[in-house]
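Proteins get letters first, then strands, A, B, ... in listed order; numbering begins at 1 in each.
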Protein chains: 2
Amino acid sequence: MSTQQRRERERAQRHDLILKTARTLAESEGWDAVTTRRLADEIEYSQPVLYSHFAGKDAIVAAVALEGFTELAARLRAATPADEPRATLEGLARAYLAFAEENPALYDAMFTMAVDLPFGQDDTPEPLRAGFQALLSGVARFAGRGDPEILTEVVWSALHGLIALSRAGRLPPAGREARLALLLDRLGAVH
Amino acid sequence: MSTQQRRERERAQRHDLILKTARTLAESEGWDAVTTRRLADEIEYSQPVLYSHFAGKDAIVAAVALEGFTELAARLRAATPADEPRATLEGLARAYLAFAEENPALYDAMFTMAVDLPFGQDDTPEPLRAGFQALLSGVARFAGRGDPEILTEVVWSALHGLIALSRAGRLPPAGREARLALLLDRLGAVH
DNA sequence: CTAGAATTTCTAGCAACGCTAGCCTAACGC
DNA sequence: GCGTTAGGCTAGCGTTGCTAGAAATTCTAG
C-alpha cells in the first residue's frame, strides 16, 4: 500500500516538474521552443511520459495557464483597496499590468493560446472564476449605480487591450503612463 | 518588351490569387487549414511557387493582414461623424466591432498572428498608419483638452480587448451592448 | 521552322513537429 | 526466488514549412 502512495507522490512531482519546466522554458525562450522533444529532454524523460500526464501539448499549455490565473487572482487580491475609487482601480490596474509584464509567456498562455478554457459557464475551472472574482470584488467598490460585472468586464478588456497591443508593438512605450492615467480617469470615477 | 509586361501582369494576378485564396480559406476553415500544401493545391500550382512570391508562410499572413488594415481604415473613414461626441465614438466603435466580427480570421491575422508588423515607427507600412489615422481623426473631434493620440490608443485598446476576450470565450455574449454602452459613456465624453 | 538559351515549374526530399504502437526492463506481490 | 504487471523507451507514422535539382515550357535568334 505504501509503495503505491510513494508512486503517486512521485507522479505528482513529475507532473509539477513538467509544468514548471514548460513554463520556465516558455518564459526564457518563448513558446515556440517548448516542443515535446525539448520538454522531454529537459525533464530527462522520453516523450511518451508527457502523454501519460497530459492529453497533449495543448493540455500542458492549458495547465500552465490555469496556474497563471491562480497567481493573477492572488496578485489582484493583494492590491489593497484605497479610500478613493480611482486609487482603488489604479492598484488593481497596476497589479494586472505588472503581472502581464513580468510573465509575458504565461500571460500569452492564458489569453492567446489556451483558447478552449471555458469561461462564464458552468464548467469554468475554479482558477478562472477566482481571477475574475478578484477583479470584480475590487471594481465593485466603485461601480456606483452601474452593473459591477459589466464594469469589471470593461476594465478587464481595456487592460487586456493595452497589453495585447503593446506586446504586438502597436502602442508606443512612451505613452504608457499617459494611457493608464486616462483610463483611470474615465473608468475610475463613480457614475 | 511586351511579353515581359504580360509576365509581370500574370505574376501580379497570381500574387493576388494567393492572398485571396489564403484569406478565403482562413475565413472558412481557420488559419490552421492554411498550409502551404493546401494553399498550393487551391491555386492549382505546386508549393514552391508560393516561395517565389513570398518569403514564407508568415509573409503571406502579413500580406493578408495589411489588406485588412486598408479595409479597416476604409470602414472607419466611412463611419460618418455625428454632432455629439458620444454618437461619433459610437459610430467608430460599431464600425470597428463589425469589421472584427465579420472578418474574424482576418482580424486574427492583423492582431494575433502577424506580430512582426512594426507600428509607430519610421518603417511602419502605410496601411497600418492609415488605420490608426482613420481612428484618430474621428476621435480627435471630441478629445477635448487631452492628447488625441493617447485617447485614440485607449479607445483602440478597449475595443481590441473586448474583441479578444469575447473571441476567447471570456466575456458572456449577453452583455455585449451593455459593455459597449458603458465604454461609450466613459470614453465618449469631452473632458 | 528549328535549335539553343533562359526562365519557370514541378518532383522529391529534408528536418522538425505532435503523437503512438509495441517491445523491454525493472519493480512488485506471492 | 519467480511470474506478473506496471512503466518507460525506442522507433516510427503522418504532417508541417521549406528547398535543391531535375524537368518542362517559353522565348530568342538564325
Side-chain angles (χ1 to χ4, degrees), chain A residues 1-19 21-23 25-26 28-65 105 108-109 112-116, chain B residues 1-19 21-23 25-26 29-65 105 108-109 112-117:
Chain A
M1 188 58 92
S2 141
T3 104
Q4 186 162 357
Q5 284 182 350
R6 194 208 65 219
R7 282 194 168 170
E8 283 178 16
R9 197 173 56 236
E10 286 174 350
R11 260 193 81 80
Q13 283 178 358
R14 200 171 56 181
H15 181 97
D16 290 349
L17 176 63
I18 293 172
L19 293 183
T21 305
R23 178 173 168 177
L25 195 53
S28 63
E29 302 185 34
W31 280 107
D32 281 353
V34 185
T35 68
T36 57
R37 286 177 229 284
R38 178 77 187 276
L39 191 50
D41 216 61
E42 297 277 341
I43 66 172
E44 295 182 313
Y45 281 95
S46 66
Q47 277 180 287
V49 300
L50 298 175
Y51 295 88
S52 74
H53 286 273
F54 300 94
K57 194 192 166 183
D58 288 354
I60 296 177
V61 177
V64 171
D108 261 12
T112 308
M113 315 185 71
V115 178
D116 49 352
Chain B
M1 187 56 94
S2 142
T3 104
Q4 187 164 354
Q5 283 183 350
R6 195 209 63 220
R7 281 192 169 171
E8 282 177 17
R9 198 174 55 237
E10 286 174 349
R11 261 193 80 80
Q13 283 178 359
R14 201 171 55 180
H15 182 97
D16 291 348
L17 176 62
I18 292 172
L19 294 183
T21 306
R23 178 173 169 178
L25 195 52
E29 301 185 34
W31 279 107
D32 282 353
V34 184
T35 68
T36 57
R37 283 172 175 76
R38 179 75 187 278
L39 191 51
D41 217 61
E42 298 276 341
I43 66 172
E44 297 182 311
Y45 281 95
S46 66
Q47 276 181 286
V49 300
L50 299 176
Y51 296 88
S52 74
H53 285 273
F54 300 93
K57 195 192 167 185
D58 288 355
I60 296 177
V61 176
V64 171
D108 262 14
T112 309
M113 316 186 71
V115 177
D116 49 352
L117 284 179

For this session: Give A/Arg38 one of three labels, base, sugar-phosphate or nothing, depending on what nucleic acid heavy atoms sit under 4.0 Å from its own.
Result: nothing
For this session: State the CZ-CG distance between A/Arg38 and A/Asp32, to the nearest 0.5 angstrom.
Result: 12.0 Å
For this session: Check the distance between D/dT15's C1' and B/Asp41's CG and give it to me in whole angstrom.
Result: 15 Å
For this session: Between D/dG12, C/dC10, D/dG7, spot the one nearest the side chain of A/Arg7, thanks.
Result: D/dG7
Seminar exercise, completed: A/Arg9 CZ to D/dG7 C1', in whole Å, measures 18 Å
For this session: Mind checking the CD-OG1 spacing from A/Glu42 to A/Thr35? Nearest 0.5 Å is all I need.
Result: 9.5 Å
Problem set entry | Gap between atoms OH and C1', on A/Tyr51 and D/dG12 respectively (whole Å) | 14 Å
Exercise. Does atom CD of B/Glu10 have more than 12 heavy-atom neighbours, drawn from other residues, nucleotides or ligands, at distances under 6.0 Å?
Worked result: yes
For this session: Consider the side chain of A/Tyr45, meaning its heavy atoms from C-beta on, and name the nucleotide among D/dG8, D/dG17, C/dT11 that approaches it most closely.
Result: D/dG8
Exercise. Side-chain N or O of B/Arg37 less than 4.0 angstrom from OP1 or OP2 on C/dT11?
Worked result: no
For this session: In whole angstrom, give the distance that lies between atom CG of B/Leu50 and atom P of D/dG17.
Result: 10 Å
Exercise. Taking for each residue the nucleotide of DNA chain C bearing the nearest heavy atom, is the 5' side occupied by B/Arg11 or by A/Pro48?
Worked result: B/Arg11
Seminar exercise, completed: Rounded to whole Å, the CD-P distance (A/Glu10 to C/dA26) equals 16 Å
For this session: For C/dC19, take OP1 and OP2 only and decide whether either is under 4.0 Å from a side-chain N or O of A/Thr36.
Result: no
For this session: Whole angstrom is fine here: how far is it from CD1 in B/Ile43 over to P in C/dT9?
Result: 10 Å
For this session: Using whole Å, report how far CD of B/Glu8 lies from P of C/dT8.
Result: 10 Å
Problem set entry | Heavy-atom check, side chain of A/Ile60 versus side chain of A/Val34, under 4.5 Å | no
For this session: Measure distances between side-chain N and O atoms of A/Gln47 and base N and O atoms of C/dC19, and say whether any donor-acceptor pair falls under 3.5 Å.
Result: yes
Problem set entry | Within-4.5 Å side-chain heavy-atom neighbours: A/Tyr45 and A/Ile18 | no
For this session: Take atom CG of A/Asp32 and atom P of D/dG17, then tell me their distance rounded to the nearest Å.
Result: 14 Å
Exercise. Nearest of D/dC18, D/dG8, C/dC28 to any side-chain atom of A/Arg6?
Worked result: C/dC28
For this session: Would you classify B/Ser46 as touching base, sugar-phosphate or nothing, given that sugar-phosphate means primed atoms plus P, OP1 and OP2, and contacts are heavy atoms under 4.0 Å?
Result: base
